[in-house]
2 protein chains.
Amino acid sequence: MQNSVKNIFPNFSNELVSTIEENGSQQNFEAGTILMRTGQYIKNTVLILKGKIKIYREGEDGGEFLMYYLQPGQACAISMICTAKSEKSQIMAKVVEDVTVMMIPLQLMDKWMMEHRSWYEFVIETYRSRFEEVLEVVDNIAFRSMDERLEFYLKRHSDACGCSEVKLSHQEIATELNTSREVVSRLLKKMEQRGLVKLNRNQIELLNTNFTN
Amino acid sequence: MQNSVKNIFPNFSNELVSTIEENGSQQNFEAGTILMRTGQYIKNTVLILKGKIKIYREGEDGGEFLMYYLQPGQACAISMICTAKSEKSQIMAKVVEDVTVMMIPLQLMDKWMMEHRSWYEFVIETYRSRFEEVLEVVDNIAFRSMDERLEFYLKRHSDACGCSEVKLSHQEIATELNTSREVVSRLLKKMEQRGLVKLNRNQIELLNTNFTN
DNA sequence: AACCTACAGTAACATTTATCACAGAAGGAA
DNA sequence: TTCCTTCTGTGATAAATGTTACTGTAGGTT
């Protein structure tokens, strides 16, 4: 079974995998689906088996701001920590590539934390790594200018997909960085002149992966 | 005993309090001490009994950026989560008001999580609330302009100290918001003209607490 | 082909924020 | 008092980013 919990989460113990399969419900969602909105109550923890989910923050004026992506083998840190007293979500979660997820009722969290060592470790590690990721996001917006942030953004994307082509329109990039399309176009053009990228319709090819880092 | 663990952390069980007092070491640090630097290894979890610690991010160019403050009854989320494999710190921690802290070896974390329900709940809650706080910080820098951020900053400060006077120089504020002193002076002046604050040397008096919120 | 729509490029201008330069005021120390 | 240091105010200017407006182009549809 390609997308089994056992394969995607190899560190989970066998009992844990069984428990998950007994208590969780596997579901599919199409790209574009919004799985969670700011202010909604969280009732489930989500384990990603397939596809990609975007976690972002929404401003009052409707602006977006990308926090990070969730991919197979990962889980939504926010949803994991909201313990028994199902808290309100502080973020938006949108499916960007058709996903298969395992939904697990929040009530089971505390119980599993005590009973399953591998679950405990997974939760702690998830939280730690997301915290770090968010700190890095803060760094980027606090200390860097838009051109650096754009480079960083492209690099993250190409790292994630493992290829050097980023298939996004300027508008999409602008939205995730909470800036305007014109700014992105301008900066990309400058990067092209510096020989860092090659621009095509709906696609940006990174020529020199080791720029800012 | 005024600054006892029992008083400052009322939710801890009696056994937990004893265990903490047995295994932790109580220490004092003066204002100005840097307790943790970016890149250092974390070997202890820190519970704050008295005083105030500033948690901030440092940019490559030396710029600062305030994340949040730690006060009595709180603990450093970062240090709590770095489990057994003592991780590197991603942040800076500086004492801003003389502190008394309880240092607890990291090795005990996992053990206590399993053995002490009240410790488990404390850790989870600490992590949850810090995550939210950092998300709010992201919001501020991603979606708001400097004048709004300044208002928010002042409000946080007056909330924290419970009084309407913020005793900080423009330079200190500028540093924490990673901007320049002149910008802060100018914006404060505008706020004064709008009747929101009264400016004095090393002190800003908030006149109208309910501005942006 | 003719048409339509989404995407990309770019100039001109507005706004925000950063930087430089300098002056004055408050408060402490000699 | 006089001197010194720190803090604050403010103008002038630069740089970065956001906004408006318009053009062209690629690709799909009819």
Side-chain angles (χ1 to χ4, degrees), chain A residues 31-32 59-66 139-154 157 165-206 212, chain B residues 31-32 59-66 139-154 157 165-206 212:
Chain A
E60 287 138 359
D61 55 349
E64 283 190 17
F65 192 88
L66 174 69
D139 265 24
N140 279 320
I141 36 182
F143 299 123
R144 303 195 203 293
S145 53
M146 197 51 90
D147 54 351
E148 289 177 292
R149 287 171 53 197
L150 178 58
E151 289 187 9
F152 185 83
Y153 174 88
L154 293 175
H157 258 270
E165 286 90 33
V166 177
K167 295 198 191 321
L168 292 168
S169 72
H170 296 185
Q171 181 59 64
E172 288 174 293
I173 298 172
T175 302
E176 304 211 317
L177 294 173
N178 192 46
T179 180
S180 68
R181 201 260 317 157
E182 293 87 332
V183 171
V184 172
S185 288
R186 253 200 299 264
L187 294 176
L188 280 173
K189 210 66 201 169
K190 275 191 207 160
M191 286 175 69
E192 188 174 45
Q193 283 158 10
R194 285 196 286 149
L196 297 178
V197 296
K198 190 165 177 315
L199 301 178
N200 302 296
R201 191 185 174 86
N202 274 318
Q203 182 193 310
I204 298 158
E205 190 181 340
L206 306 203
T212 312
Chain B
E60 287 137 0
D61 55 350
E64 282 190 16
F65 193 88
L66 173 69
D139 265 22
N140 278 318
I141 37 181
F143 298 124
R144 302 196 204 291
S145 52
M146 198 48 90
D147 54 350
E148 290 176 293
R149 287 172 53 198
L150 179 57
E151 290 188 8
F152 185 83
Y153 174 87
L154 293 176
H157 258 270
E165 286 90 33
V166 176
K167 294 197 190 324
L168 291 170
S169 72
H170 297 184
Q171 181 58 65
E172 288 174 293
I173 298 172
T175 302
E176 303 211 317
L177 294 173
N178 194 44
T179 179
S180 68
R181 202 262 316 158
E182 294 90 325
V183 171
V184 171
S185 288
R186 258 197 289 267
L187 293 176
L188 280 174
K189 209 67 202 165
K190 276 191 207 159
M191 286 175 69
E192 188 175 45
Q193 285 158 9
R194 285 195 287 151
L196 297 177
V197 294
K198 189 164 176 314
L199 301 179
N200 302 295
R201 191 186 173 85
N202 275 315
Q203 182 193 309
I204 298 158
E205 190 182 339
L206 306 204
T212 313

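Per chain, numbering begins at 1; letters A, B, ... match sequence-line order.
Between the CZ atom of Arg186(A) and the P atom of dC7(C) there is a distance of 19 Å, given to the nearest Å. The separation between Phe143(A) atom CZ and dA16(D) atom P is 19 Å, rounded to whole Å. Between Leu150(B) atom CG and dT16(C) atom C1' the separation is 15 Å, expressed in whole Å. In this structure, Lys190(B) places its NZ atom 12 Å from P of dT10(D), rounding to the nearest Å. The distance from atom CZ of Arg181(A) to atom C1' of dC7(C) is 7 Å, rounded to the nearest whole Å. Residue Leu187(B) contributes atom CG, which lies 13 Å from atom C1' of dT10(D) at whole-angstrom precision. Put simply, CD on Glu172(B) is 9 Å from P on dT8(D), counting in whole angstrom units. The distance between atom CD of Glu182(A) and atom P of dA8(C), rounded to the nearest whole Å, is 12 Å.
Residue Ser169(B) is in sugar-phosphate contact alone, with no base atom involved, counting any heavy-atom pair closer than 4.0 Å across all strands shown. Note on Ser145(B): only backbone sugar-phosphate atoms sit closer than 4.0 angstrom, heavy atoms only; bases stay farther off.
The two residues Ala142(B) and Phe65(A) come nearest to each other via the heavy atoms CB-CD1, 3.6 Å. Minimum interatomic distance between Arg149(A) and Arg144(A) (heavy atoms only, all atoms of both residues): CD-O, 3.8 Å. Taking every heavy atom of both residues into account, Phe152(A) and Asn140(A) meet most closely at CE2-ND2, 3.1 Å.
Comparing dT10(D), dA6(C), dG18(D) by their nearest atom to the side chain of Lys189(B) picks out dT10(D). Set against dT17(D), dA18(C), dG9(D), the side chain of Met146(A) has dT17(D) as its closest nucleotide. With dG9(C), dA25(C), dT19(C) as the choices, the nucleotide that has an atom nearest any side-chain atom of Ser180(B) turns out to be dT19(C). Of the listed nucleotides (dG9(D), dA21(D), dT10(D)), dG9(D) has the atom at the smallest distance from the side chain of Leu199(B).
Among the candidates Leu206(A), Leu150(A), Val166(A), the single residue satisfying the side chain to side chain contact (heavy atoms under 4.5 Å, CB included) test with Val197(A) is Leu206(A).
Residue Lys167(B) qualifies as enclosed at atom NZ: its count of foreign heavy atoms under 6.0 Å is above 12.
In the interface, the side chain of Arg149(B) is not paired with the base of dT17(C) through any donor and acceptor atom under 3.5 Å apart.
Look at His170(A) and you'll find a side-chain N or O under 4.0 angstrom from OP1 or OP2 of dG9(C).
The 5' end of DNA chain D is approached more closely, in terms of each residue's nearest nucleotide, by Asn202(B) than by the other of Arg201(A) and Asn202(B).
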